[in-house]
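These numbers come from a predicted model, not from an experiment. Residue numbers start at 1 and run along the sequence shown.
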Amino acid sequence: MSTTIRLRSALALLVFALAAGCGTQTAHNTGVYLLLDTSGTYSQELDKAEQIINFTLARLEPLDSFAVARIDTGSFSERDIVAKVTFDDRPSAANVQKRQFAEIIGTFLGDVEGSQYTDITGGLLQAVEFLNEKEPGRKTVFIFSDLKEDLQAGYVRDIELPLEGFEVVALNVTKLRSDNIDPREYLDRLETWRKRVEDAGGTWRVINDLDRLEALLQPT
């Protein structure tokens with residue numbers, strides 16, 4: 001075999017190896033979708049949501065994605081997304097985006113109207129759609145809610161959630177007045193959502209102590 005043929009063969013193998021390597025690269029960025037319950041008395045908890053959002057903004061890196069959406073009567077809709085962003089790969093530009101994001105959220109929380117119904121399932125489906133489109137290496141959904149789903153008549157949500165590879169974190173799961181009368185209602189609500197998420201392939205956590213937010217985006 002001539003030297004020229006050997007060089008061409010070696011070059012072809014190198015190109016093939018590089019192409020194969022590019023094809024198996026894994027994304028290392030993070031995508032976070034935060035659902036805010038705006039129904040009934042829970043809307044009074046929304047001042048705490050700004051603390052969570054600002055903490056998340058501080059932890060996310062360039063090329064990460066973040067969206068905040070409200071849970072209302074029909075939450076499977078892009079119209080319920082309050083703010084969304086994929087951060088620039090330049091840290092200075094990403095910091096500007098974070099400030100703009102925080103300003104949008106501040107305006108929303110200052111003028112939010114309560115919702116009569118609570119479509120958590122629809123919100124989760126919208127979160128899955130958003131994060132799958134972004135294709136981050138890590139997909140996390142935060143649910144800021146008492147987890148009491150209350151659907152308007154006619155809304156169908158008895159469907160399996162496609163949560164394989166998703167981490168779902170329930171935040172500030174407050175107790176309802178009826179929970180104080182019968183604590184089993186609160187425990188059953190948590191267990192129902194845990195089972196639903198894990199049966200769909202996701203992981204489930206609950207964080208009620210908002211003074212320990214460092215656990216929000218802990219390494220997987």
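Heavy-atom minimum distance, Ala170 versus Trp204: CB-CH2, 3.6 Å. Scanning all heavy atoms of the two residues, the minimum distance from Tyr33 to Ala127 falls at CD2-CB, 3.3 Å. When all heavy atoms are compared, the tightest approach of Gly123 to Ser75 is N-CB, 3.3 Å. The heavy-atom pair separating Gly122 from Asp119 by the smallest distance is N-OD1, 2.9 Å. The minimum heavy-atom distance between Leu57 and Phe87, with the atom names listed, is CD2-CZ, 3.8 Å. Taking every heavy atom of both residues into account, Tyr117 and Gln152 meet most closely at CD2-N, 3.6 Å.
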Practice task
Determine, step by step, whether Leu60 and Leu217 satisfy the side-chain contact (heavy atoms from CB on, under 4.5 Å) criterion, reporting the C-alpha distance in whole Å, the side-chain angles of both residues, the deciding distance to 0.1 Å, and the verdict.
Solution key: CA-CA 9 Å; Leu60 292 177; Leu217 291 170; 4.2 Å; yes
Exercise for the section: I would like to know whether Glu78 and Glu129 meet side-chain contact (heavy atoms from CB on, under 4.5 Å); could you show each step before the answer? Expected result: CA-CA 10 Å; Glu78 291 84 355; Glu129 182 178 275; 3.2 Å; yes
Handout entry: CA sep, side-chain torsions, deciding dist, call: Leu161, Thr121, side-chain contact (heavy atoms from CB on, under 4.5 Å)
Key = CA-CA 8 Å; Leu161 294 165; Thr121 301; 3.9 Å; yes
Handout entry: Worked check of side-chain contact (heavy atoms from CB on, under 4.5 Å) between Thr174 and Glu45
Key = CA-CA 9 Å; Thr174 56; Glu45 299 288 324; 3.9 Å; yes
Exercise for the section: Please assess Thr140 against Glu167 for the test side chain to side chain donor-acceptor pair (under 3.5 Å), listing each intermediate value before the final yes or no. Expected result: CA-CA 5 Å; Thr140 302; Glu167 176 187 16; 3.2 Å; yes
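The environment of CG in Asn180 is sparse: at most 12 heavy-atom neighbours from other residues, nucleotides or ligands sit within 6.0 Å. Under a cut-off of 6.0 angstrom, the local environment of CD in Glu113 is sparse, with at most 12 non-hydrogen atoms contributed by other residues, nucleotides or ligands. Heavy-atom neighbours of Lys98 NZ from other residues, nucleotides or ligands within 6.0 Å: above the threshold of 12.
For the pairing with Phe66, the ring pair (Phe, Tyr, Trp, His ring centres under 6.0 Å) check across Phe130, Phe101, Phe55 returns one residue only, Phe101. Of the residues listed (Val32, Asp80, Leu36), the one engaging Val68 in a side chain to side chain contact (heavy atoms under 4.5 Å, CB included) is Leu36, and it is the only one.
In this structure, the side chain of Asp188 does not engage the main chain of Glu185 through any donor-acceptor pair within 3.5 Å. Here the side chain of Thr38 pairs a donor or acceptor atom with the backbone of Ile71 at under 3.5 angstrom. Under the 3.5 Å distance criterion, the side-chain polar atoms of Arg205 are matched with a main-chain donor or acceptor of Leu216. With hydrogens and angles disregarded, no donor-acceptor distance shorter than 3.5 Å links the side chain of Ser145 to the backbone of Asp37. A donor-acceptor pair is defined here as one N or O able to donate and one able to accept, closer than 3.5 Å; no such pair exists between the side chain of Asn29 and the backbone of Pro136. Listed for the Asp72 side chain is no donor-acceptor partner under 3.5 Å among the backbone atoms of Ser115. In this structure a side-chain-to-backbone donor-acceptor pair under 3.5 Å is missing from Arg194 to Val206.
For the pair Arg157 and Tyr155, the cation-pi test (distance below 6.0 Å, angle within 45°) is failed.
In this structure, the separation between CZ on Arg189 and OH on Tyr186 is 7.5 Å, given to the nearest 0.5 Å. Annotation: the span from Asp150 atom CG to Gln116 atom CD amounts to 8.0 Å, rounded to 0.5 Å. In this structure, CD in Glu164 is found 10.0 Å from OG1 in Thr203, a value given to the nearest 0.5 Å. Rounded to the nearest 0.5 Å, atoms CD1 (Ile105) and CG (Leu34) are 8.0 Å apart. Of the inter-residue distances, the one linking Leu163 atom CG with Leu124 atom CG reads 6.5 Å to the nearest 0.5 angstrom. Annotation: the span from Thr118 atom OG1 to Arg70 atom CZ amounts to 11.0 Å, rounded to 0.5 Å.
Between Arg90 and Asp88, at least one side-chain nitrogen of the basic residue sits less than 4.0 Å from a carboxylate oxygen of the acidic one, meeting the salt-bridge criterion. Of the charged side-chain nitrogens involved, at least one lies within less than 4.0 Å of a carboxylate oxygen, so that Lys195 and Asp199 count as a salt-bridged pair.
Side-chain heavy atoms closer than 4.5 Å link hydrophobic residues (I, L, V, M, F, W, Y) into clusters, and following such links, possibly through other members, connects Leu213 to Leu46. Following chains of ILVMFWY side-chain contacts shorter than 4.5 Å, one cannot reach Val85 starting from Leu131, and the two form parts of different hydrophobic clusters. A continuous path of Ile, Leu, Val, Met, Phe, Trp and Tyr side chains, each step under 4.5 Å between heavy atoms, connects Val128 with Phe76, placing both in one hydrophobic cluster. Clustering ILVMFWY residues whenever any of their side-chain heavy atoms sit less than 4.5 angstrom apart, transitively, puts Val168 in the very cluster that holds Ile159. Follow the hydrophobic side-chain contacts under 4.5 Å out from Val112 and you reach Leu171 in the same cluster.
In this view, Phe142 satisfies the ring-ring contact (aromatic ring centres under 6.0 Å, His included) rule with no residue, not counting sequence neighbours.
A distance below 6.0 Å separates the ring centres of Phe144 and Tyr42.
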